[in-house]
Novice: 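Once you've had a glance at the structure underneath, I'll fire off some questions.
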Amino acid sequence: MLRTLFATFLLMISAPVVAQNLSVDINQGVSRPLPIAIPDFTTRTDVETPAGTTAQLGVRVAEVVTNDLKSSGLFRPIDKLAFTTTVRYPDVLSPQFANWRTVAAQALVTGFAERQADGSITVGCYLYDVFSEEVLVREGFNTEPRNWRRAAHKCADAVYSRLTGEAGYFDSRIVYVSETGPATSRIKRLAVMDQDGANHRFLTNGQNLVLTPRFSANDQTVAYLSYAQNRPRIYSYDIASGQQRLIGDFPNMSFAPRFSPDGRQLAFSQSRAGNTDVYIMNSDGGNVRRLTTSPGIDTAPSFSPDGRRIAFESDRGGSQQIYTMNVDGSNQQRISFGDGRYGTPVWSPRGDLIAMTKIGGGKFRIGVMRPDGSGERLLTDSWQDEGPTWSPNGRVIMFFRSRQGGGADLHSIDLTGINERRIPTPLEGSDPAWSALLP
Amino acid sequence: MTEGRALTLAGVAHIALFAALSLSWSLFGDDEPLYDEPVSVEFVEIGDMPTVTERLEPTLATQPRETVDAPDVEPEVAELEMEAAELPELSTESELPPVEKPPEPKPEKKPPAAKAPAKPKPKSEAKPAPKKQELTEAVDLSKKQSDKVRTEQDFASMITDALPEQVALSSVQQTTLAGAIRDRIYKCWDPSAGGPDSGSIVTTLRVKAAKSGEIIGRPTMVKQTGSGNAGYKRAARDAAIRAVMNPSCSLKGLPAELYAGGWEDFTLNFDPKDF
C-alpha cells in the first residue's frame, strides 16, 4: 500500500517538468532593408496601348515599384541580374519559391499588365512571403494607359503598407517653387510633380514671385503666396481644374498660409503696423480671426492633425522659438528650449512629432521634437536645410537645401535620419509641400 | 486500496494534469483579433486621375500555388473609371498671377467601366478521400482496441507512452540553450517596421523544430501584446516569423542532447522594447 502511494506521488511530481516549454526572449535585432525581388510584370498577350505594349508597361511598372520601395530605405530590391528564373504569366500566381530563396529574397512582388476591351489597362499586383509561401497582397487596378504610373505607385503602397504596417506614401504629389536665373532676377514658378519627380509640370509662368505653396489635406487645392501686382497676398490654385483665386483681399501683407486638416480653414500671418500675428480664416477668405497679439513676429502656423492645436514660431521672447496654442488662440506656450533658434514648425500627420528648422552654429538643420518640446532630434547636418514637409504617413520629411555658392534643391530624409535622398527636379527647387495620399 | 487501483488513480491524475497544462496556452493567450484587417487602397475622382469605383479588399491566398491553370488566372481587380479632365479655366481677373497653360484636356467622354476579371479558379488537386472500406476498418480496429480488457500494468504503460519523450533540462542547460537560440534568431529579426508604438508590441511564437534544425511547419503566434494598431501588430508578427524561418538563422547545429525537452518545441518572445 505504502509502496503504491509512493509510486503515485513520484509520477505526479514528474509531470510538470515534462509539460514545461523552453521560453526564449529575443530583445535584440538588426535593422536592415528587407531583400525583396521584383521581377518584371508580365502579360498574357502582348498588345499595343497608347502608352506602349503591355509587355513594355509590365517592365516599367516593375521599375516604378522597385524605385518606390528602394527610396523608402526599408527595402533592398534584388538586382534582376541575380534572378535564376523568369516569371511568366502562370508564375504570377504560382511562384517557384525555391528559386527566390536561392537569391535570398524574403519577399516577392509579381504582377501583370493587360489591356481590356475598352482600351483601359489592368495592372495586377501580388506580394508573397518567400519563406512561408503566403500571399500577402493581391490587388489590381484598371486605368487608362497614360495613368499606368499611378497604378504602379498604388501597387508599391500596398506592398509597403502590408510589410510595414503603416500607410504608404508613394501615390502622392509634391508642389514646390521651381527657381532659375541669377539671384538678382530670380524666376520662381509654382510646379507640381509626383513624389518621385515624374509628371512634372509648371503651374505659373514665373511673371510674379511665388512662395510657400501648401496642399490642402483633402483635395488638390494649393494655397500659396504670390506677389502679383507687387502685393504679397494668398491665392489658391485648384490643380485639377487649373483655376486660381485670391483668398482674402487684405490691405496688409499676408503670408505663410496653411490649411486646417479638414481643408475648411486657413491659418496665416499678416503684418499690421509693424507687428506680425497669426490669423485664421475660412478657406474662402471669410470670418477672419486674430489668434496672437504679442509684439514681434508670430508666423509659420501649422495645425495638429486633429485640428485642435496650432504650432507656430515667434520671437516674442527675444529669439525665434516654437510655440503651440489652441486653435482659438488660447493656451499659448513655448515648447523649444534648446540652444539656438527654431523655425517653421510642421505638425506630423501622425501627430506624434513636430518637424522644424533648427538654426545654430552657422547652420540650418532639419529636426523633430514631440509636441511638448521633448525628444528633440536633428536629422540633417548641412549648411542650410529648411522648409520641412511631411509625407502623408509621417515617416519621411522633404525639405530644401541651399548651396553656399547659390541655388537650392529638394531632398528627403526619413525619421531614422539615415535615408537621405535628393529629389530630381528640372530646375532648382525650394519650399516643397507634400500632398496627402491621392484619393 | 490495491496497487492496481493506485496506479489507475495515478494515471488519471497524469492525464488531467497534462491536459490542463496543454490548454494553458489558449487560456492565457491574447484574444484580440490578431491580424488581417485589409490594407485598403482606394481611388476617388480627382480631375484627370483614375477613379476607383469599387474598393478591392486584399485577401489571403486561398488557392493552391502549384496548380494554377494559366488561362484561368485572374486577380481580383478594382474597377477604375477615367474621368475626362475638365477644361481648365483661367480667371480673367487682371490681379491673378499668370498661369502655365494646363495640359491638353481630354474629351468629356466617360468610357465604360472595365469588367473585373473573374476571380482565379484554382485547379483542385485535393487528395482522394480514403475509401469507405479503409475507414470502416480503421474504426473497427479502434473499437477493438478500446474494448480490449487491459491489465492495470498495460494502462500505466499506456500513460507513459502518451507523454512526449522528453527530458527535464537543468536550469543551466536551459540558460545555455536559450542563449544559443537567441544568438541564432536575433540576427534575422528586424523589428524596425511599424509606427510610434510598435516598440511596445511583444510577439510570442511557438516553434517546433526537427532534430536536423529545420523548422516544422510555420511558427504559430500564441500571444501578442501592446499597441492597438492592427497593421503594426501584423507587421510585427510577420517580422518575427520571417526571423524564425530564415534559413540564414536556422537551428541547425544546436546540441542534439538538448533537443528532447529543449529546442524541439519552444517559444520565442520577440520584445523590441530595447531595440
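To find a chain, count down the sequence lines: A is the first, B the second, and so on, and within it residues start at 1.
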Novice: Take B/R242 and A/D129 through the test side-chain contact (heavy atoms from CB on, under 4.5 Å) and record every step on the way to the result.
Specialist: CA-CA 8 Å; B/R242 276 199 301 273; A/D129 185 313; 3.6 Å; yes
Novice: What part of B/L268 lies closer than 4.5 angstrom to a heavy atom of chain A: side chain, backbone, both or neither?
Specialist: both
Novice: Can you name the nearest heavy-atom pair linking B/N246 to A/Q106, along with the distance?
Specialist: ND2-NE2, 3.3 Å
Novice: Please find the pair of heavy atoms, one from A/F131 and one from B/P247, that lie closest to each other, and give the distance.
Specialist: CE2-CD, 3.4 Å
Novice: Does B/D271 reach the side chain of A/Q28, with side-chain heavy atoms less than 4.5 Å apart?
Specialist: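 No - every pair of side-chain heavy atoms lies 4.5 Å or more apart.
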Novice: Supply the atom-to-atom distance A/E134 CD to B/D238 CG, rounded to the nearest 0.5 angstrom.
Specialist: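 Rounded to the nearest 0.5 Å, the CD-CG separation comes to 6.5 Å.
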Novice: Is there a side-chain contact between B/K273 and A/N27 (heavy atoms, below 4.5 Å)?
Specialist: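 Sidechains of A/N27 and B/K273: no contact.
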Novice: Please confirm whether the backbone N or O of B/D265 pairs with a side-chain atom of A/N21, one donor and one acceptor, at under 3.5 Å?
Specialist: yes
Novice: Please classify the contact of A/D25 with chain B as side chain, backbone, both or neither, using a heavy-atom distance under 4.5 Å.
Specialist: both
Novice: Please give me the minimum heavy-atom distance between A/S132 and B/R218, naming the atom from each residue.
Specialist: CB-NE, 3.3 Å
Novice: Go through the steps for A/L22 and B/I181 under the test side-chain contact (heavy atoms from CB on, under 4.5 Å), then give the verdict.
Specialist: CA-CA 11 Å; A/L22 178 69; B/I181 293 173; 3.8 Å; yes
Novice: Are the side chains of B/W189 and A/V30 in touch, meaning some heavy atoms are under 4.5 Å apart?
Specialist: no
Novice: Given heavy-atom pairs under 4.5 angstrom as the criterion, report whether the side chain, backbone, both or neither of A/L415 touches chain B.
Specialist: neither
Novice: For the SG atom of B/C188 and the CD1 atom of A/I26, what is their distance to the nearest 0.5 Å?
Specialist: 11.0 Å
Novice: Flag the one option from B/A235, B/P219, B/P272, B/G217 with the top tally of heavy-atom pairs under 4.5 Å to chain A.
Specialist: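 With the most close heavy-atom pairs to chain A, the winner is B/A235.
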Novice: With a 4.5 angstrom heavy-atom cut-off, which part of A/R350 approaches chain B: side chain, backbone, both or neither?
Specialist: side chain
Novice: Atom OG of A/S23 and atom CZ of B/R206: how far apart are they, to the nearest 0.5 Å?
Specialist: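 Interatomic distance, A/S23 OG to B/R206 CZ, rounded to 0.5 Å: 12.0 Å.
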Novice: Taking side chain as everything from C-beta outward and backbone as N, CA, C, O, which of these in A/R88 sits under 4.5 Å from a heavy atom of chain B? Side chain, backbone, both or neither.
Specialist: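 For A/R88, there is no contact with chain B at all, as no heavy atom is under 4.5 Å.
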Novice: Quick one: are B/L177 and A/V24 in side-chain contact, heavy atoms under 4.5 Å?
Specialist: no
